[in-house]
Amino acid sequence: MARARDPIADLRRIAFLLERANEATYRVRAFRSAAKALAGMSAAELTERAGNGTLTELAGVGDVTARCVAESLAGEEPVYLRRLVATEGSDLDAEATALRAALRGDCHTHSDWSDGGSPIEEMALAAVELGHEYLVLTDHSPRLTVARGLTAERLRRQLDHVAQVNAALPEGFRILTGIEVDILADGSLDQDDDLLARLDVVVGSVHSGLKDERSKMTRRMLKAVANPHLDILGHVTGRMVSSRPAGVTGPGDRGHRARTRAESDFDADAVFAACAEHDTAVEINSRPERQDPPKRLIRRALEAGCRFAINTDAHAPGQLDWQRFGCERAALCGVPADRVVNTWSAEQLVAWTHDRP
Ligand SMILES: [Zn+2]
Ligand SMILES: [Zn+2]
């Protein structure tokens, strides 16, 4: 008889591939729930339940996931997983591939502490599997109540939790602390200064008043960029596009239902000049529905001398692999790897965020 595979690992792998392909949340959830339901079970009990057909009696386990478990235990790659692996395409050209290979971490990710779908541990494990050396955890700030933004107190608790999680993670990988802080209407940042100073990386984004008129939005962004705590300017224009890059199909996840939004209006040359002056990196947001900034603005930021961060803004583990979309767009605009801050090691990255003017 063939040697049993790890059924939990297979379920998690399927969930990852579905998320990466931007499939509907409910499809992904079936596999994540099953993995969670079975994680604590002994191999003997799993085998017994698979044998007598009682896996589906457990909450969170359905026919499809039970079949996957049975196949894994029989030592076969589950058919569902095999099909997913066979149909995923790789259409990156050489430059984009090289850029992707140069990335050593991700500076913009969310967990279930704010509006992400998975615990910090799950996000970290997926990042380890992708070969990342670090993951910056950037949950939302207090004013973004719809996304369960973290109060100062919850953020302090998260920092303690991250320290514990880090202690249990494989050597050579670590979660860096961070935040996606709201850039408020007056350009100030939505979190206490002492906390912002404590964090490894601060991403700042505009989430409200996206229709502010041009001079107001420009002032707002210039003030934020000049703030010494702000390291990376997130999804610069706030746009939402309905089109998706090749290879991304399916009805999409939360916040992705063909909702489009125009770019906010601001003086991009002034903002990028300020980013270059204050050494604030411009994010290339990889989310298929954002693709932000648009390529014409990436080129202008490049000409202005800005640094970049190619981030996923992942809200689920499989989305951590969306960096390839950002790399494609960066490569099309000629962004060289040495301008991208997440090609650095964690030590170099943190040295940069702490030493910035
Ligand atoms: Zn955001
Ligand atoms: Zn975000």
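Counting starts at 1 for both ligands and their atoms, in listed order.
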Evaluation steps, side chain to side chain contact (heavy atoms under 4.5 Å, CB included), between R32 and L11: CA-CA 7 Å; R32 290 226 175 269; L11 291 171; over 6 Å; no
Opening angle at the Zn ion (ligand 2) [NE2, H110; OD1, D313; to 10 degrees]: 90°
Does a side-chain N-to-carboxylate-O contact under 4.0 Å join R299 and E303? no
Salt bridge present between R174 and E347 (N-O < 4.0 angstrom): yes
Closest E180 atom to the Zn ion (ligand 2) [N, O or S only]: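 Considering only N, O and S atoms, E180 comes nearest to the Zn ion (ligand 2) through OE1.
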Using 2.8 Å as the threshold, say whether any N, O or S atom from H235 sits that close to the Zn ion (ligand 1).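 Here the distance criterion (N, O or S atom, under 2.8 Å) is met by H235, so yes.
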Has H207 got an N, O or S atom lying less than 2.8 Å from the Zn ion (ligand 1)?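 An N, O or S atom of H207 is closer than 2.8 Å to the Zn ion (ligand 1), so yes.
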Roughly how far, to the nearest 0.5 Å, is CH2 of W344 from CZ of R104? 11.5 Å
